[in-house]
Protein chains: 2
Amino acid sequence: MAQRRKKPTGAYHHGDLRAALLTTAAAVIRERGLHGLSLRECARRLGVSHAAPYRHFGDKAALLGALIGEGFRGLLAAGHAAMEGVADPEARLHAYGVAYVQYAVDAPEHFRVMFGAELEEKVMEPADTAAADEAFELLRTSVAALLAAEGRGDEDPLPGTLAYWSLVHGLATLLVDGRIPAEHLAGEGAVERLTRGVLEHWER
Amino acid sequence: MAQRRKKPTGAYHHGDLRAALLTTAAAVIRERGLHGLSLRECARRLGVSHAAPYRHFGDKAALLGALIGEGFRGLLAAGHAAMEGVADPEARLHAYGVAYVQYAVDAPEHFRVMFGAELEEKVMEPADTAAADEAFELLRTSVAALLAAEGRGDEDPLPGTLAYWSLVHGLATLLVDGRIPAEHLAGEGAVERLTRGVLEHWER
DNA sequence: TTCGGATGGTGACAGTGTCAACATTGCCGG
DNA sequence: CCGGCAATGTTGACACTGTCACCATCCGAA
């Protein structure tokens, strides 16, 4: 219960309502799903008036946009962390793939907003769209690196990028949506095993 | 404008409001997205009172459930049609895959509801969940047939089914969500070319 | 022909996104 | 040190939504 304002002043101001709104929104989405999110509910949980969020986000869509930015930054960080120290291009690509699926499973609330909220680019901050682009670029360059290592550096990496993205994104989506029975997610390292299994199936 | 009641009686009864609601809802989703759908808007478009839909669907979720059923039946029909007359197991599988992606692109409003609406199984009619199961079964048996043809009939078809589903579903999802630039969809047979390209990329 | 169930209408309620008008606060220049 | 301004929060309102209880109308079967 140690939230709300750093210094116990008048308590009129919250302290960091913007950040609190983002984490609260994520929590609500995790509990009630994306369509169960309401700004008023977030405000209520934070003990703040129903219109307070509008001091920080012009719009509900703006909140979601910020959440999307957070999500892509997290995905990017997870990808970089997983690929760190891995040299072999194919191993790097697979590491990113596993990180992609793992992130979706670990942060389903962000993943759902990233790909499930139908919002126009227009409402997103440049910094947030940039994060999304970077995540895609990382995949693209990883595929390009693999092609180069195979002596096919002159090929367009885009078809391969699309193919790889489709596979990994499909698995992540099916898992997050509960389309794949939860028993496939039981146990330590289940996501990694599952993802590598799917990848290897196509590389027989 | 030739809708509303078959016989021009008192016009108090609509004629087939249930069916009209389903097509109208689909239209609204296509225009405004899934979160832009409201029962009242549908009722308004059909010239009917705001509570009339409740005579046919106990719930907004029930409407969505029926739409999901429609969607899976459509997907199933598209799959069967595409595989008709095709004998080679691998060709059959690919035909289903292309049909899957094509259906998503052709009926994005259904596809979005099928996989984007976070609703519990509880609210769905048995007939509708059955359709979803059948669509999955068709994929499963197709994969099993391919395995059998390759002399690996004793293997569990589930991993392969998952791998194939992930790939195709990922591509469909990315297309429907506009994650893949629309230029990849331009021209006749673009979806088929794109899908086969992705499939072949993994079978080099 | 009559009556009951199926279908549709009205009005109400709570919850939501959003805005305008107002209140409180922290902070920065004089 | 202090006075005012911008940032932040509050209150009250509006339109819209899902949903319900209650009433109206109609079709077909007994």
Side-chain angles (χ1 to χ4, degrees), chain A residues 3-22 24-25 27-29 31-67 113 117-120 122-124, chain B residues 3-25 27-29 31-67 113 117-120 122-123:
Chain A
Q3 58 185 42
R4 200 156 180 193
R5 76 215 139 56
K6 301 162 188 173
K7 290 176 284 187
T9 101
Y12 189 91
H13 284 71
H14 179 277
D16 193 358
L17 184 54
R18 191 194 144 89
L21 279 170
L22 287 175
T24 303
V28 173
I29 294 174
E31 292 174 29
R32 308 231 242 260
L34 183 51
H35 68 257
L37 171 69
S38 89
L39 293 188
R40 289 173 107 110
E41 167 72 12
C42 292
R44 223 173 286 130
R45 292 195 185 194
L46 292 171
V48 115
S49 87
H50 64 259
Y54 285 83
R55 293 297 134 191
H56 300 273
F57 302 99
D59 216 334
K60 184 180 184 181
L63 203 222
L64 292 178
L67 227 34
V113 182
E118 313 154 322
L119 49 77
E120 303 103 25
K122 195 177 169 303
V123 303
M124 292 201 39
Chain B
Q3 58 188 37
R4 199 159 180 190
R5 76 216 140 56
K6 301 163 187 171
K7 289 177 284 186
T9 101
Y12 189 91
H13 285 70
H14 179 277
D16 193 358
L17 185 54
R18 191 194 145 91
L21 279 169
L22 287 175
T23 70
T24 304
V28 172
I29 294 173
E31 291 173 29
R32 309 232 242 261
L34 183 51
H35 67 257
L37 172 68
S38 90
L39 293 187
R40 289 172 105 111
E41 167 71 12
C42 291
R44 225 173 285 130
R45 293 196 185 194
L46 292 171
V48 116
S49 88
H50 63 258
Y54 285 83
R55 292 297 134 191
H56 301 272
F57 303 98
D59 215 332
K60 185 180 183 180
L63 204 220
L64 292 178
L67 228 34
V113 182
E118 311 156 323
L119 49 78
E120 302 106 27
K122 195 177 169 303
V123 302

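Every chain is numbered from 1, with letters handed out A, B, ... down the list of sequences.
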Open item on the list: Tell me the interatomic distance from A/E41, atom CD, to D/dT17, atom P, rounded to whole angstroms.
Closed with: 22 Å
Open item on the list: Measure CG/B/L21 against P/C/dT7 and give the value in whole Å, please.
Closed with: 12 Å
Task: Beyond-backbone contact of B/I29 with B/L67, side-chain heavy atoms, under 4.5 angstrom - done: yes
- [ ] Measure the distance from CG on A/L17 to C1' on D/dT10 and round it to the nearest whole Å.
- [x] 13 Å
Open item on the list: Expressed as a whole number of angstroms, how long is the span from B/L63:CG to D/dT19:C1'?
Closed with: 14 Å
TODO: Choose from D/dG9, C/dT7, C/dT18 the nucleotide whose nearest atom is closest to any side-chain atom of A/D59.
DONE: C/dT18
TODO: Starting at atom CG of B/L37, determine the distance to atom P of D/dC16, rounded to an integer number of angstrom.
DONE: 17 Å
Open item on the list: Counting distance alone, no hydrogens or angles: does the base of D/dT19 have a donor or acceptor under 3.5 Å from a partner atom on the side chain of B/R40?
Closed with: yes
- [ ] Rounded off to whole Å, could you give me the CZ-to-C1' distance for the B/R55 and D/dC26 pair?
- [x] 14 Å
TODO: Flag the pair B/C42 / B/L37 as yes when at least one side-chain heavy-atom distance between them is below 4.5 Å, and no otherwise.
DONE: yes
TODO: Between C/dG17, D/dG18, C/dA20, spot the one nearest the side chain of A/S38, thanks.
DONE: C/dG17
Task: Rounded interatomic separation in angstrom, taking CG from B/D16 and P from D/dC27 - done: 15 Å
Open item on the list: The side chain of B/A51 is closest to which nucleotide in this list: C/dC19, C/dT10, D/dG18?
Closed with: C/dT10
- [ ] Compare every heavy atom of B/R18 with every heavy atom of B/A66, then report the nearest pair and how far apart it is.
- [x] CB-NH2, 4.0 Å
Open item on the list: What contact category does A/A52 fall into here, base, sugar-phosphate, or nothing, at under 4.0 angstrom with non-hydrogen atoms?
Closed with: base
Open item on the list: Classify A/R44 by what it touches in the nucleic acid, base, sugar-phosphate, or nothing, heavy-atom distance under 4.0 Å.
Closed with: sugar-phosphate
- [ ] List the atom of B/V48, the atom of B/A52, and the distance in Å for their closest heavy-atom pair.
- [x] CG1-CB, 3.3 Å
Open item on the list: Please report the distance, rounded to the nearest Å, between CZ in A/F57 and P in C/dT18.
Closed with: 13 Å
- [ ] For B/H50, answer base if it contacts any base atom (sugar-phosphate contacts may also be present), sugar-phosphate if it contacts only those atoms, and nothing otherwise; contact means non-hydrogen atoms under 4.0 Å.
- [x] base
Task: Side-chain heavy atoms of B/L64 within contact of B/V123, under 4.5 Å - done: no
